[in-house]
A.B. asks: 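Sending over a structure as structure tokens; questions will come in a sec.
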Amino acid sequence: MNIVVCVKYVPDASGEVAFESDNTVDRTATDGLLSELDEYAVEQALQVKEKREDEEVTVTALCVGPEKAADAVRKALQMGADQGVHVLDDAIAGSDAAATSLVLAEAVKKAGPADLVMCGMASTDGGMSVVPAMLAERLGLPQVTFASVLETQGDQVRIKRDGDVATEVVGATMPVVVSVTDQTGEARYPSFKGIMAAKKKPVETYSLADLGVEPSQVGLSVAWSAVEETTARPPRTAGEVVPDEDGAGAQALADFLASKKFI
Amino acid sequence: MSEVLVLVDHVDGAVRKPTFELLTIARRLGEPSAVFIGAADQAAAAAESLGKYGAEKVYAVDDAQIRGYLVAPKAEALQQVAGQVSPAAILISSTAEGKEVAGRLAVKLESGLITDATDVQAGEGGPVTTQSVFAGNYTVTAKVTQGTPIITVKPNSATPEEVAGAAAVSEVAVTVSDAAKTAQIIASQPRQATGRPELTEAAIVVSGGRGTGGNFEPVEQLADSLGAAVGASRAAVDSGWVPHTYQVGQTGKTVSPQLYVAAGISGAIQHRAGMQTSKTIIAVNKDEEAPIFELVDFGVVGDLHAVLPALTEKVTARKG
Ligand SMILES: Cc1cc2nc3c(=O)[nH]c(=O)nc-3n(C[C@H](O)[C@H](O)[C@H](O)COP(=O)(O)OP(=O)(O)OC[C@H]3O[C@@H](n4cnc5c(N)ncnc54)[C@H](O)[C@@H]3O)c2cc1C
Ligand SMILES: Nc1ncnc2c1ncn2[C@@H]1O[C@H](COP(=O)(O)O)[C@@H](O)[C@H]1O
């Protein structure tokens, strides 16, 4: 069985984010890391592997991103993935979700065939939550997305999905595209042994040419949408903070709410 | 005038409020047409409410063959309706499912997709959207540059305006591939009605965190006195005190109400990501150093178990 986990390299959310003059995210301004939300996908992939102990299961971490994005692949290997694929090509810079999903789809085909394609619920930077659905569309696969619980048995996949109006159990037959939420449970930390072992694990680097994708199909210039203007939100000016001495807090709050016409 | 397609978000034919907001936005861009994917016998009732908010046409797609499958069939159906009417834009609610339908549709139509818009205005050469990005730290405006603009819009992005539309129903027969019918909804448990406003639609949200110690009563009672929705931090959700649907933040709901009340919530970056575009923010926290106080318009350093009930009493007294 083959599992491909899509892991994204994102700017550290605790650092400052900045835009370049072409309105793309400046990915050099802050250090990057494996998107926290993709760690849950790696964790679930490893759990599937562990549960299928009498089967050969290979977990491949796949990342589309710049040179430094190899860090994200390495982190997944340290956690326990078996091998890595890094799609690296200057032409990819500035790609939108549509182009990213195209590159991911071709990379999955080349690295695969995959029985399970796993994703996080959203990237912590772009955060559109659409790449898994687009990937499923491009691969012609069922999508079982936003899983808060994931179970596999034989070639069957079942998830629990907390929708807006209902909680659903969704099932499909492999191969499938899965995305998992942070409700699936904490991701493991790499152990010392894992960190050492990761150094020997194979990582393949693909270029667009390796995938049969034309440079003209990706990148900022062919993005299907364009950011026109970016404005930093003015910092909130800290308001008044009062202590609740002798129960005065509730009165102060009530006065504030009344002054703002909430009551 | 070109048609603008609005995918109707509904539960058994009962149209949800964000759809009326989409119709209001659609009128800025062209002639609003609703696409109703649902049971054939519910289309008429849905059309009646859609007409009140300006829908001129209602394309009714009978979902008898596709009910019980996730996302993909809806994208195929919408693709076929779009193929027939060549719309100026397609508007969809920014729910998890809405965004996924939009994602698949964008690939099918080779069209640009913008998600989570908080405003959409007509511009030269197509709609111009406003989005709030990076945990609400930036506002960006954007435009679709290829194909039919597909835009998912967050709840509360427009005030629904009542205006009569013809809401002429035409049934559209779609053919959905077997490939789209592969992710099957095996069981579905509808969310229990709380009697409170929807979290993402509410004008006021009162949220509780770990500081409640598991007793959400003061939070709920304050919410009820204000007619507010109840929210929570992930710590409160992870402790099992409230359902995940209450969670505000990066991996929960993004809310942008007129008033947000954070009680017993420290204000971690992932929580802020879901609430910091709220118009007015107040907090009650025992710890004067809590980062949430950096965001507030008004804050009280104190025990929420004392402050909230006292406030509820005052609110009720003032209202009554
Ligand atoms: C990938 C990821 C995603 C996440 N997504 C989210 C998300 O979507 N939403 C979210 O909220 N969090 C999210 N988190 C978690 C987030 O980092 C924080 O851990 C969480 O928000 C903390 O919740 P809290 O403020 O309730 O708890 P704490 O940080 O423990 O704060 C509790 C606060 O209550 C105060 N307090 C205690 N007792 C009282 C009292 N009696 N009266 C008044 N105040 C009191 C304390 O002073 C303290 O400030 C995410 C984390 C990760 C890693
Ligand atoms: N460049 C990328 N490389 C690898 N995986 C990605 C990339 N972009 C998105 N993904 C996957 O798609 C998921 C959702 O991304 P998004 O639609 O951008 O929110 C992420 O959690 C990843 O699993």
Side-chain angles (χ1 to χ4, degrees), chain A residues 13-14 17 37 97-98 101 121 124 128-130 133-134 137-138 140 142-146 148 162-173 181-183 223-233 236 238-244 247 249-254 256-258 260 262-263, chain B residues 11 70-72 95-97 99-100 102-104 106-108 111-115 134 136-147 179 182-191 204 244-245 251 259 269 280 282 293-302 306-307 310-311 314-315 318-319:
Chain A
S14 53
V17 283
L37 293 175
S101 68
M121 65 184 285
T124 49
M128 289 174 80
S129 290
V130 295
M134 287 181 155
E137 176 71 30
R138 293 197 184 274
Q143 66 173 91
V144 287
T145 41
F146 291 102
S148 58
D162 286 319
D164 250 17
V165 291
T167 296
E168 294 164 335
V169 177
V170 185
T173 306
T181 75
D182 59 338
Q183 296 282 301
W224 293 350
S225 59
V227 171
E228 306 219 300
E229 265 179 18
T230 67
T231 326
R233 192 176 51 79
R236 287 195 94 96
E240 199 184 342
V241 178
V242 302
D244 179 37
Q251 187 60 50
L253 278 170
F256 177 79
L257 291 178
K260 294 275 181 183
F262 287 115
I263 52 175
Chain B
V11 180
L70 202 64
V71 180
T95 59
E97 175 173 292
K99 289 204 279 186
E100 293 191 319
R104 282 185 172 254
V107 171
K108 286 177 193 294
S111 290
L113 164 66
I114 291 172
T115 54
F134 293 129
N137 287 323
Y138 281 87
T139 303
V140 308
T141 56
K143 231 178 180 165
V144 164
T145 51
Q146 176 176 311
T182 45
Q184 203 176 351
I185 300 166
I186 296 163
S188 177
Q189 183 152 37
R191 186 116 300 125
I204 304 179
H244 179 243
T245 43
T251 53
L259 173 66
I269 181 161
T280 301
I282 65 182
F293 285 129
E294 294 162 18
L295 293 185
V296 298
D297 295 283
F298 198 86
V300 168
V301 181
V307 178
L311 177 58
K314 291 184 197 303
V315 171
R318 237 184 252 236
K319 285 199 163 171

A.B. asks: Measure distances from B/Ala187 to the heavy atoms of chain A and classify the residue's part below 4.5 Å as side chain, backbone, both or neither.
C.D. replies: both

A.B. asks: Of all heavy-atom pairs between B/Lys319 and A/Phe262, which one has the smallest distance, and what is that distance?
C.D. replies: CE-O, 4.4 Å

A.B. asks: Among A/Leu37, A/Leu257, A/Leu253, A/Thr173, which residue has the highest count of heavy-atom pairs closer than 4.5 Å to chain B?
C.D. replies: A/Leu253

A.B. asks: Tell me, for A/Ala97 versus chain B, whether the close heavy atoms (under 4.5 Å) come from the side chain, the backbone, both or neither.
C.D. replies: neither

A.B. asks: Which bit of A/Gln251 is near chain B, if near means a heavy-atom gap under 4.5 Å: side chain, backbone, both or neither?
C.D. replies: both

A.B. asks: How close do B/Ala106 and A/Trp224 get, heavy atom to heavy atom, and via which atoms?
C.D. replies: O-CZ3, 3.4 Å

A.B. asks: For A/Ser225 and B/Lys143, indicate whether the former's side chain and the latter's backbone hold a donor-acceptor pair under 3.5 Å.
C.D. replies: no

A.B. asks: Give the minimum heavy-atom separation between A/Gly163 and B/Arg191, together with the two atoms involved.
C.D. replies: O-NH1, 2.6 Å

A.B. asks: Under a 4.5 Å heavy-atom cut-off, does chain B meet the side chain of A/Met134, its backbone, both or neither?
C.D. replies: both

A.B. asks: Is A/Ala98 in contact with chain B via its backbone, its side chain, both, or neither, using a 4.5 Å heavy-atom distance?
C.D. replies: neither

A.B. asks: Checking side-chain contact (heavy atoms from CB on, under 4.5 Å) against A/Glu229, which of B/Thr139, B/Val140, B/Thr141 comes through?
C.D. replies: B/Thr141

A.B. asks: Can you tell me which of A/Asp244, A/Thr167, A/Thr230, A/Val227 forms the most heavy-atom pairs within a distance under 4.5 Å of chain B?
C.D. replies: A/Thr167

A.B. asks: Among the options A/Val169, A/Ile263, A/Val130, pick out the one with the most heavy-atom pairs lying under 4.5 Å from chain B.
C.D. replies: A/Val169

A.B. asks: Do you know which of A/Thr181, A/Val170, A/Val144 has the most heavy-atom pairs under 4.5 Å to chain B?
C.D. replies: A/Val170

A.B. asks: Once you round to the nearest 0.5 Å, how far does CZ of A/Phe256 lie from CG of B/Leu259?
C.D. replies: 7.5 Å

A.B. asks: Which heavy atom of A/Ala133 sits nearest a heavy atom of B/Arg104, and at what distance?
C.D. replies: O-CG, 3.5 Å

A.B. asks: With a 4.5 angstrom heavy-atom cut-off, could you sort out which part of B/Leu295 is near chain A: side chain, backbone, both or neither?
C.D. replies: both

A.B. asks: Which one of A/Lys260, A/Met128, A/Arg138 has the most heavy-atom pairs closer than 4.5 Å to chain B?
C.D. replies: A/Met128

A.B. asks: Restricting to non-hydrogen atoms, name the atom on B/Ser188 and the atom on A/Glu168 that form the minimum distance, rounded to 0.1 Å.
C.D. replies: OG-CG, 3.9 Å

A.B. asks: So, for A/Ala250 and B/Val307, which heavy atoms are closest and what is the spacing to 0.1 Å?
C.D. replies: CB-O, 3.8 Å

A.B. asks: Looking at A/Ser101, A/Pro142, A/Ala172, which has the largest count of heavy-atom pairs under 4.5 Å with chain B?
C.D. replies: A/Pro142

